[in-house]
Amino acid sequence: MGKKLYITTAIPYVNGTPHIGHALGYLLADIWARYQKQNGKEVRFQVGTDEHGNKIAAKAAELGMTPKDYTDKMYGNFEMMMKKIGAQYTDFIRTTEPHHEGAVQYIWQKLQPYIYKGSYEGWYCVGHEAFFTDKEVEATGGICEDHQKPYERVSEENYYLKTSAFTDQIREAITTGHMEIVPEFRKNEFLELIKDGLQDVSISRPRKNLSWGIPVPGDPDQVMYVWLDALSNYITVLGYPDRAGWEEYWPADVQVIGKDILRFHAGIWPAMLLGLELPLPKKLMVHGFINVGGVKQSKSLGNGVDPNQIIDEYGVDAFRYFFSRHIPTLDDGDFTWEKFENAYNNELGNDLGNLVSRVASMVSRYQSGVIGDAPKGDHDMKPYYDAMHDLKFNVAMEEIWDSVRGLNKYIEMVKPWEIAKRREADPEAEAHLGEVLNQSVGTLLQVAEQLTPLLPSTAESIKRIFASGVIVPIETVGGLFPKVYLHSEDPRAPKTASAPEK
RNA sequence: CGCGGGGUGGAGCAGUCUGGUCAGCUCGGAUGGCUCAUAACCAUCAGGUCGUAGGUUCGAAUCCUACCCCCGCAACCA
């Protein structure tokens, strides 16, 4: 069985609703986890929510709720999203759990040698209860637009984590690949960023400015800021430090993160681990952002796409298909309903769904549904394995479709329906037909095998139809990607130039 | 000269590290074929000076130089 594997996802801040970006992270992690499990590994797969901080406290207050009640209500949205995507996670952590809070305080204490008190000076807005950067202050002429008050020069006491002390070790780990960052251009980007060294990071706030958070041990006036609290989740969820078993899983094999949080996961987080004398994660898998029609999604534009809608309208595998194949796994991608529907109807419906249907139909029609010994598919699996190994799921999907298209061509070439007609006259035709159909079934079963981590329920359906020796009618497994035209015109509709039927 | 990514037929992309076998794939379009199938599938065609200008080379989308344009990042939105 080998070493037990561990994969993590970023824990989203729960003051909003889940969007495609979150969904993408879960999906990528789930594909990896399922792939490993398919290959006999034992996998632990963490997800969770980040629930502390001012924004949450403020939002809760706005709604007349306690922060705890608010997060209790909000985290469920994310849990639902994960389930809906089919993410087979093993652990769900909330940063407000007592065990986590206690563990983080332990971590703080253990990091004492690297924590020092310093003061931070900056532009503060009383209305926001927050600091603003020089640039922002300059841009507004020194007056907060929201509150019509001048920013004040304020200094406050904070604790700092001496991440700078670990610069060399971290750089070394990255360049040697002990902590791999994929894709490579992200690695280079980060190395460039820290060429002058890591900067120490502020890890606490005065209680008066941040009430909803984990108290700093031994200093009642200070509360922990996001870093130690949130990043620690990757180990506290395993039981660190007091519950047995976490060592079997740490270091993580893969940590899935978005490109925006690479700097924290490649800088602050490793510094924490080094301070705790724990090994660094083996790999940071950095995915990109999903644009909509080439435009960045944003709340102000209101152009966000709801993953729930996609799944409700087309099914979870259609969702998994588009986002694993048409969004480059390690780079930015683009979503439009037109692209999505196109991929659904052409690739899932016409290429794969129809192929399954035609093979099943021929076996039923020519062999009364009886399947002979299907030989193993003979498509070269190496490119697929390589792609999965390199975390290029979109490339793996291309490989699978190569098989699908290949089988359609093969069928077209050998024309089983013509062989069937010759059976009366030609005694060899019967056997030949059997070979052809068995070959086809074998290829489909191989496709199903490859699809297992990517489109689990589709893979399951294909196996159910063909694996038992007798064809199981497609209808009984729910059909494979029937045509759907919700967001574009149905090309099969009668072409009425201008005559609406009444 | 802040850092990074990219500019390839109507659209979306691969190929660039390891120069020639690269001008390729999918969608869209046209024509034809087939009838097992989800009005599907298969074949063929339409031609893009591979951002621009130089250079290296027997030969460059692929290497070098300069320039133009687009997009991210530079701030706790994945």
Side-chain angles (χ1 to χ4, degrees), chain A residues 9-13 15-16 18-28 50 53-55 131-136 183-193 195 225-227 230 256-264 268 286-291 294-300 304 325-326 328 331-334 336 338-339 342-343 345-366 394-395 398 401-402 404-405 407-421 433 436-437 440 474 479-484 490-494:
Chain A
T9 57
I11 54 172
Y13 202 55
N15 72 335
H19 53 70
I20 317 184
H22 302 114
L24 181 64
Y26 304 143
L27 173 60
L28 298 179
D50 176 15
N54 268 339
K55 284 184 186 166
F131 283 92
F132 290 83
T133 62
D134 289 349
K135 208 166 186 178
E136 285 170 311
E184 186 152 7
F185 74 86
R186 294 288 174 213
K187 174 178 97 176
N188 297 336
E189 205 172 278
F190 184 74
L191 286 172
E192 184 64 32
L193 188 74
K195 68 168 185 269
Y225 187 53
V226 61
W227 308 124
V256 179
I257 55 177
K259 66 178 182 180
D260 56 326
I261 52 174
L262 169 63
R263 59 187 53 211
F264 315 127
I268 300 172
V286 188
H287 67 249
F289 283 4
I290 297 165
N291 294 320
V295 181
K296 194 171 168 173
Q297 292 183 81
S298 75
K299 281 168 195 152
S300 49
R325 180 171 185 188
H326 291 287
D331 210 340
D332 288 356
D334 193 52
T336 65
E338 194 187 359
K339 282 181 186 176
N342 228 3
N345 285 319
N346 287 323
E347 295 163 11
L348 288 173
N350 294 348
D351 289 345
L352 179 62
N354 176 59
L355 176 62
V356 167
S357 175
R358 70 195 298 207
V359 172
S361 159
M362 284 191 280
V363 175
S364 298
R365 183 187 284 235
Y366 303 138
N394 56 329
V395 175
E398 300 281 348
W401 249 253
D402 213 48
V404 170
R405 292 205 164 91
L407 182 53
N408 268 322
K409 286 177 194 186
Y410 169 76
I411 291 171
E412 200 63 35
M413 196 178 73
V414 298
K415 299 181 174 51
W417 52 91
E418 287 189 2
I419 303 175
K421 285 179 195 156
L433 181 60
V436 166
L437 294 180
S440 302
I474 291 176
L480 257 56
F481 310 110
K483 294 287 163 54
V484 177
D490 186 344
R492 298 165 304 178

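Keep in mind that this is a model prediction, so the values were computed, not measured. Only this structure's heavy atoms are used, side chains among them; waters, hydrogens and symmetry mates stay out. Letters A, B, ... are given to chains in the order of the sequence lines, protein chains preceding strands, and every chain is numbered from 1.
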If I take atom [atom1] in residue [X] and atom [atom2] in nucleotide [N], what distance separates them, rounded to the nearest angstrom?
{"X": "Lys339(A)", "N": "G12(B)", "atom1": "NZ", "atom2": "C1'", "answer": "6 Å"}
{"X": "Asp332(A)", "N": "G6(B)", "atom1": "CG", "atom2": "C1'", "answer": "11 Å"}
{"X": "Ile261(A)", "N": "A74(B)", "atom1": "CD1", "atom2": "P", "answer": "13 Å"}
{"X": "Phe289(A)", "N": "G5(B)", "atom1": "CZ", "atom2": "P", "answer": "17 Å"}
{"X": "Asn408(A)", "N": "C41(B)", "atom1": "CG", "atom2": "C1'", "answer": "6 Å"}
{"X": "Arg325(A)", "N": "U26(B)", "atom1": "CZ", "atom2": "P", "answer": "10 Å"}
{"X": "Asn291(A)", "N": "A78(B)", "atom1": "CG", "atom2": "C1'", "answer": "12 Å"}
{"X": "Lys187(A)", "N": "C73(B)", "atom1": "NZ", "atom2": "P", "answer": "23 Å"}

Rounding to the closest angstrom, what is the interatomic distance between [N] and [M] at atom [atom1]?
{"N": "G4(B)", "M": "G10(B)", "atom1": "C1'", "result": "30 Å"}
{"N": "C1(B)", "M": "U62(B)", "atom1": "P", "result": "28 Å"}
{"N": "U8(B)", "M": "A61(B)", "atom1": "P", "result": "15 Å"}
{"N": "G32(B)", "M": "C70(B)", "atom1": "C1'", "result": "41 Å"}
{"N": "C64(B)", "M": "G47(B)", "atom1": "C1'", "result": "31 Å"}
{"N": "A75(B)", "M": "C3(B)", "atom1": "P", "result": "16 Å"}
{"N": "U49(B)", "M": "U44(B)", "atom1": "C1'", "result": "26 Å"}

Practice task
Pull out every stem in RNA chain B, meaning runs of 3 or more consecutive Watson-Crick or G-U wobble pairs with both distances under 3.5 Å.
Solution key: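 B:2-7 with B:68-73, B:10-13 with B:24-27, B:29-33 with B:41-45, B:51-55 with B:63-67 - these are the stems of 3 or more pairs that involve RNA chain B.
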
When you check the phosphate oxygens OP1 and OP2 of [N], does a side-chain N or O of [X] lie under 4.0 Å from one of them?
{"X": "His22(A)", "N": "A78(B)", "answer": "yes"}
{"X": "Lys483(A)", "N": "A39(B)", "answer": "no"}
{"X": "His326(A)", "N": "G12(B)", "answer": "no"}
{"X": "Asn350(A)", "N": "C41(B)", "answer": "yes"}

Fill in the blank from the handout: Only one of Arg405(A), Arg325(A), Lys339(A) passes salt bridge (charged side-chain N to carboxylate O under 4.0 Å, His left out) with Glu347(A), and that residue is Arg325(A)

Problem - Residues Glu189(A), Lys259(A): salt bridge by 4.0 Å N-O rule - result: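 Lys259(A) and Glu189(A): not salt-bridged.
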
Problem - Ion pair check, Lys409(A) and Glu412(A), cut-off under 4.0 Å - result: no

Problem - Listed nucleotide nearest any side-chain atom of Asn354(A), set C41(B), C3(B), C73(B) - result: C41(B)

Handout entry: Options C77(B), A43(B), G4(B), nucleotide nearest the side-chain atoms of His19(A)
Key =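 Side chain of His19(A) sits closest to C77(B).
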
Handout entry: Note, Ser357(A) side chain near Leu480(A) side chain (heavy atom, < 4.5 Å)
Key = no

Practice task
Could you pull out the closest heavy-atom pair between Ala420(A) and Tyr366(A), with the gap in Å?
Solution key: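 Minimum heavy-atom separation between Ala420(A) and Tyr366(A): CB-CE2, 3.6 Å.
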
Exercise for the section: Could you pick out which residue, Pro482(A) or Asp50(A), lies toward the 5' side of RNA chain B when each is mapped onto its nearest nucleotide? Expected result: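 Its nucleotide being nearer the 5' end, the pick is Pro482(A).
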
Exercise for the section: Hey, which sits more toward the 5' end of RNA chain B by its nearest nucleotide, Ile20(A) or Arg405(A)? Expected result: Arg405(A)

Practice task
Could you tell me whether the side chain of Asn345(A) and the main chain of Asn350(A) form a donor-acceptor pair under 3.5 Å?
Solution key: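 It does not hold such a pair.
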
Exercise for the section: Have a look at Asn342(A) and say if it touches a base, only the backbone sugar-phosphate, or nothing, with a 4.0 Å heavy-atom cut-off. Expected result: sugar-phosphate

Exercise for the section: Sugar-phosphate means primed atoms, P, OP1 and OP2; the rest is base. With that split, encode nucleotides 31-36 of chain B 5' to 3' as B, S or - using protein heavy atoms under 4.0 Å. Expected result: --BSSB

Practice task
List the steps, then state whether salt bridge (Lys or Arg N to Asp or Glu O under 4.0 Å) holds for Glu418(A) with Lys421(A).
Solution key: CA-CA 5 Å; Glu418(A) 287 189 2; Lys421(A) 285 179 195 156; 6.0 Å; no

